[in-house]
Every structure is written in structure tokens, then in C-alpha cells.
Amino acid sequence: MKDVPSRPRSPRTLAVHAGTRRSQYGEVSEALFLTQGFVYDSAEAAEARFLQAGREEFIYARYGNPTVAMFEDRIAALEGTEDAFATASGMAAVNGALVSMLRAGDHVVAGRALFGSCLYILDEVLPRFGVQVTLVDGTDLAAWEGAIRPDTKAVFFESVSNPALEVIDIAAVARLAHAVGATVICDNVFATPAFSRAVDLGVDVVVYSTTKHVDGQGRCLGGVICGTKEFVRKVAEPYLKHTGGSMSPFNAWVMLKGLETMDLRVRAQAETCWRLAERLDGHPKLARVIHPHLPSHPQSTLARAQMEKGGTVLSLDLAGGKEAAFRFLNALEIVVISNNLGDAKSIATHPATTTHQRLPEDQKAALGITPGLVRLSVGLEDAEDLIADVTAALDAA
Ligand SMILES: *Cc1c(COP(=O)(O)O)cnc(C)c1O
């Protein structure tokens, strides 16, 4: 695909072609440049490259690498941002996006329902360096309005929360943040890059754990920060390349190939997820089925407007509490018990005793993490097989 296409390209096309760099051999499939360093033709060339490296000139893999650059360009094209920086994990991306732009005295507002490690950065790391952090109920616009101040530098939220699947009104929060000139940073994992509308809705910096749907096959850790050229190259990159958060070329190659099939995979997973949600809604063993598009979800209208298909995760609240949840988990035959999500294999997680084990009981309750709650990440297995597996396990619960 030419750098400047004659017609606009759709995401499916970009996911296969964008960012491709071919070596002198003209390979069809993207090459894995598994190299730490790069040779200079002369001492003068080395000097010149250190002074100002061009877009296709590399120095050291922590600074950049052709395979990593292909992945960055491809996901930026998909997300609709000017640029992207690939990181060693999703957490390196969250940490990099926040720490690179903040300094002592700054104020941040964040939605309270956060992935455990994100909460650690906001609640423990940033305050230690003099950044003030206000956590709010992300679904409450009045709370955002009350917390955002003239000196607020950034707002941070997970567009769909884990595991209660609360939905943030991205456009409304972005409007409040932009009114005071704050940067809007969105951890968009649960929306997935396939269904993301983050940039259209006003997000400035979109962060993904590519460990999830981008790899999509449970192999490698990775993350990415998508934003303007100015933010990515002048703010995030200097911090990340000097502190060691860069993505390895091997992982970038896995992610790059993952992007080619991501849209197909994620749509199939989301379709099965929705069928499961519809089939299980009202099941006598379940106090609640949580899926953003179910009419019983308090924000289903917002979720339908903001997120096509409603994602690949649903949560089941077993009426019989922890004992029933454990009996259910142990009776599953296809769905595996683990804590990842976005994998080709369906995965069941009991947040109260694993990912959110260390949260105090009142915080668990505030986040909707009941003893009976099981998070189900829906994979690529046959939908009817999965429905049969889950309903048989519910019978056993
Ligand atoms: C998994 C996840 C992360 C962290 O990603 P890693 O790749 O495990 O570092 C951050 N935020 C959300 C919402 C996640 O699901």
C-alpha cells in the first residue's frame, strides 16, 4: 500500500497493510528485525544520526526498531491518531502516558473503577511524587464536574470498567476536561481497538494493553500509547525510551500479525458474547447478567451509542455467592480458569478472590465485585458449545 493512498481506506484494509516497511528482499509478510542495534556506515553517519534520526533511521531497540515502527504506524492508522508508541506491557503504557506528562503540583481526576495496577499508579505512585489525584464514580457526571478544577492537567478512565462493565460517557467527560485544558487519557481495553470511537468522542490519548485483543492468542505482553505526534514523540517517547518501557521487536511482530486478524476475531467473540448474554439473562441461578448492551444494564443506551457490539466480556453474578461461583468455575469444561481476557480461549475469572483479592470489602462492594461475580472473557470457540458448557456448569452450581 502506498504511503499516500489515492482513496481513504477502511480499518480492515489498514489492519492488513498500514505501516508495512519492506526490506531489500521485498518480503510479503512483515520481517522480524530481531536486533538491538544498527550499524552506521561511518563515524560521521553515527554522529549525524545521534543528532537527528530520520523516520527510517534507528539507533537502538529501546529507542525504536523497524518491526516496532510497523506496529506503531499500523495501530495509529486504525485508531485514527497521528502516531503511537509501543510499550513492553499495558501497564508501561498507562504509566508512561501519565508520568511523562505530569509533574509535582499537578492535579488528576480519574474514574474509581480501575484495573488493580492502574489504581496502584494513581493511588500510590503519583501522590508520592506530589501529584494530587481525585478519584470519582466514573458513571456520575456531576462527580466529574465537581472534581475537575482549573489546575487539572489530566483525566484518566477506563472506558468500560473491569469487572462490573460500567460505561463512561466519554464525550461528556472529555467536554468537561477540555473546558479547563486537561488532557483526556483513556484506557480503552474493554472497548477493543476494533470497536473504538475514542478519538471521535474527544479522547486525546488512547492507551491499550495489546496483551488482550491485539495479540488475542495469549502469547505476549504489550501496550501502546496512541495520540498526537506532539504527545507521542515529544512527551511520551523521551520518558519511555530512557526508562526502559519500550516493546521488544519480537512482541511487536506478534502484535503486528495479530492486528491483521483482530477485527475478524473480535467481531466473532463479541457476537458469541452477546448470544451468551441473551441466553443467560434471567437464568434462575443468576442474580444478574452484566453485558453493556443488555436492556437491564443501567447505561445500555450510552453503551450502544458508544460501543458497537458491546465487547467480548460479560459478567455473571451467581445468586449462591462464592460457593456457587466456585462450583460453577470447577464444573466448566471448555472455559478455562485464568485471569487474562481477550484471548481466543474463553476464560473465567473470580475477581473477588483473584484480581481484586486485596481490595477492602467496602471497595469491592462499591465496585460491584460481589462474592458470586464471575467475569467471562469470550473466545473463539463455537457459540453453541460455549452456551452448553456454561449452562451445564450453572446446573452444577
Ligand atoms: C490488562 C489490562 C491492563 C494492563 O495490561 P498489561 O498488558 O497486563 O500490563 C491495563 N488496563 C486494563 C483495563 C487491562 O485490562
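These numbers come from the heavy atoms of this one structure, side chains and all, not from hydrogens, waters or symmetry mates. Because the structure is predicted, anything quoted here is derived from the model rather than measured. Note that the numbering runs from 1 along the sequence shown for the chain.
- Salt bridge annotation for E278-R275: absent, with no cationic side-chain nitrogen under 4.0 angstrom from a carboxylate oxygen.
- Taken from CZ in F328 to CG in L318, the straight-line distance is 6.0 Å, to the nearest 0.5 Å.
- Counted within 6.0 Å of CD on E82, heavy atoms from surrounding residues, nucleotides or ligands total more than 12; the atom is thus considered enclosed.
- Taking each heavy atom of T81 and C226 in turn, the nearest pair found is OG1-CB, 3.4 Å.
- Residues R22 and E27 are not paired through a salt bridge, judged by the lack of any N-O separation under 4.0 Å between the basic side chain and the carboxylate.
- With hydrogens and angles disregarded, a donor-acceptor distance shorter than 3.5 Å links the side chain of R62 to the backbone of K241.
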As a quick check of understanding, evaluate side-chain contact (heavy atoms from CB on, under 4.5 Å) for V108 and L102, giving each step before the final call. CA-CA 9 Å; V108 177; L102 294 169; 3.5 Å; yes

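- No chain of hydrophobic side-chain contacts below 4.5 Å, direct or via other Ile, Leu, Val, Met, Phe, Trp or Tyr residues, connects L126 to V136.
- Closest heavy-atom contact between V289 and A277: CG1-O, 4.0 Å.
- L14 is connected to V206 through a chain of hydrophobic side-chain contacts under 4.5 Å among Ile, Leu, Val, Met, Phe, Trp and Tyr, so both are in one cluster.
- Within the 4.5 Å cutoff, the side chain of E158 has heavy atoms near those of the L114 side chain.
- L286 has its side chain within reach of L394: a pair of non-hydrogen atoms, C-beta onward, lies under 4.5 Å apart.
- Nearest heavy-atom pair across F231 and A97 is CZ-O, 3.7 Å.
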Go through the steps to decide whether V313 and V378 satisfy the test side-chain contact (heavy atoms from CB on, under 4.5 Å), and finish with yes or no. CA-CA 6 Å; V313 176; V378 178; over 6 Å; no

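- The structure places CG of D281 at 11.0 Å from CD1 of I290, a figure rounded to the nearest 0.5 Å.
- Contact of the L119 side chain with the E124 side chain is not registered, since no non-hydrogen atoms from C-beta on lie closer than 4.5 Å.
- For the pair K153 and H107, the minimum side-chain heavy-atom distance is 4.5 Å or more.
- Residues R74 and E260 are paired through a salt bridge, judged by an N-O separation under 4.0 Å between the basic side chain and the carboxylate.
- Within 6.0 Å of CZ on F250 lie no more than 12 heavy atoms contributed by other residues, nucleotides or ligands.
- Within the cation-pi definition used here (under 6.0 Å to the ring centroid, within 45° of the axis), R219 does not qualify as a partner of W253.
- At most 12 heavy atoms of other shown residues, nucleotides or ligands fall within 6.0 angstrom of atom CD in E47.
- The distance from the CG atom of D382 to the OG1 atom of T272 is 8.0 Å, given to the nearest 0.5 Å.
- Between K212 and S377, the closest side-chain pair of non-hydrogen atoms is not below 4.5 Å.
- With 3.5 Å as the limit, one finds a donor-acceptor pair spanning the side chains of T353 and H350.
- Heavy atoms only, all atoms of each residue included: L264 and R12 are closest at CD2-NH2, 3.6 Å.
- Counting only distance, with no hydrogens or angles, the side chain of E57 and the backbone of G54 share a donor-acceptor pair below 3.5 Å.
- Using a 4.0 Å cut-off between a side-chain N of Lys or Arg and a carboxylate O of Asp or Glu, K229 and E237 do not qualify as a salt bridge.
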Does V214 form a side-chain contact (heavy atoms from CB on, under 4.5 Å) with F71? I'd like the steps, not just the answer. CA-CA 11 Å; V214 176; F71 170 64; 4.0 Å; yes

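- Under the 3.5 Å distance criterion, the side-chain polar atoms of T67 are matched with a main-chain donor or acceptor of A31.
- With no hydrogens or angles considered, a side-chain donor-acceptor pair links Q132 and R149 at under 3.5 Å.
- Side chain of D169 to backbone of A172: a donor-acceptor contact under 3.5 angstrom is found.
- With Q217 contributing its side chain and D215 its backbone, the two residues share a donor-acceptor pair below 3.5 Å.
- Residues E30 and R21 are not paired through a salt bridge, judged by the lack of any N-O separation under 4.0 Å between the basic side chain and the carboxylate.
- Linking ILVMFWY residues whenever their side-chain heavy atoms come closer than 4.5 Å, directly or via other members, places V184 and V109 in the same cluster.
- Here the two rings, on H213 and F190, have centers that are 6.0 Å apart or farther.
- Following chains of ILVMFWY side-chain contacts shorter than 4.5 Å, one can reach I387 starting from V374, so the two form part of one hydrophobic cluster.
- In terms of modelled atom types and a separation under 3.5 Å, the side chain of T312 and the main chain of Q269 share no donor-acceptor contact.
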Go through the steps for R279 and E384 under the test side-chain contact (heavy atoms from CB on, under 4.5 Å), then give the verdict. CA-CA 10 Å; R279 198 74 79 85; E384 288 305 320; 3.0 Å; yes

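- For the pair D140 and R112, the salt-bridge criterion is not met [side-chain N within less than 4.0 Å of a carboxylate O].
- Connection of F156 to I121 is established within a shared hydrophobic cluster, with ILVMFWY side chains joined at heavy-atom distances below 4.5 Å, either directly or through further cluster members.
- Contact detail for Y239 and S100: the closest heavy-atom pair is CB-CB, 3.6 Å.
- In plain terms, the two heavy atoms of L78 and P11 that are nearest each other are CD2-O, 3.3 Å.
- Each of L240, V224, V235 was evaluated against F85; a single residue qualifies, L240, per the side-chain contact (heavy atoms from CB on, under 4.5 Å) test.
- Of the possible donor and acceptor atoms, none in the side chain of D263 sits under 3.5 Å from a partner among the backbone N and O of A15.
- Counting only heavy atoms from C-beta outward, the side chains of T391 and L280 approach each other to under 4.5 Å.
- The 12-atom threshold is not exceeded at NZ of K322, counting heavy atoms of other residues, nucleotides or ligands nearer than 6.0 Å.
- At least one donor-acceptor pair closer than 3.5 Å links the side chain of W144 to the backbone N or O of G138.
- Note that CE of M70 is 11.5 Å distant from CD of E72, once rounded to the nearest 0.5 Å.
- Atom CD1 of I168 sits about 9.0 Å away from atom CG of L141, to the nearest 0.5 Å.
- A distance-only check finds no donor-acceptor pair linking the side chain of T134 to the backbone of A147 [under 3.5 Å].
- Counting only heavy atoms from C-beta outward, the side chains of M307 and R197 never approach each other to under 4.5 Å.
- No hydrogens or angles considered: nothing links the side chains of D204 and T183 as a donor-acceptor pair under 3.5 Å.
- Classification of D343 and K345 as a salt-bridged pair fails, no side-chain N sitting under 4.0 Å from a carboxylate O.
- Proximity of Y63 to P238: side-chain heavy atoms (C-beta onward) are nowhere separated by under 4.5 Å.
- In the model, T139 has a side-chain atom that pairs as donor or acceptor with a side-chain atom of D137 under 3.5 Å.
- Here the side chain of T152 pairs no donor or acceptor atom with the backbone of I148 at under 3.5 angstrom.
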Candidate pair R128 and D123, rule salt bridge (Lys or Arg N to Asp or Glu O under 4.0 Å), full reasoning: CA-CA 9 Å; R128 222 193 281 160; D123 217 23; over 6 Å; no

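- With no hydrogens or angles considered, no side-chain donor-acceptor pair links N339 and T354 at under 3.5 Å.
- T228 and R233 share no donor-acceptor pair across their side chains, judged by distance under 3.5 Å alone.
- Rounding to the nearest 0.5 angstrom, the gap separating the CG atom in L201 from the CZ atom in R175 is 9.5 Å.
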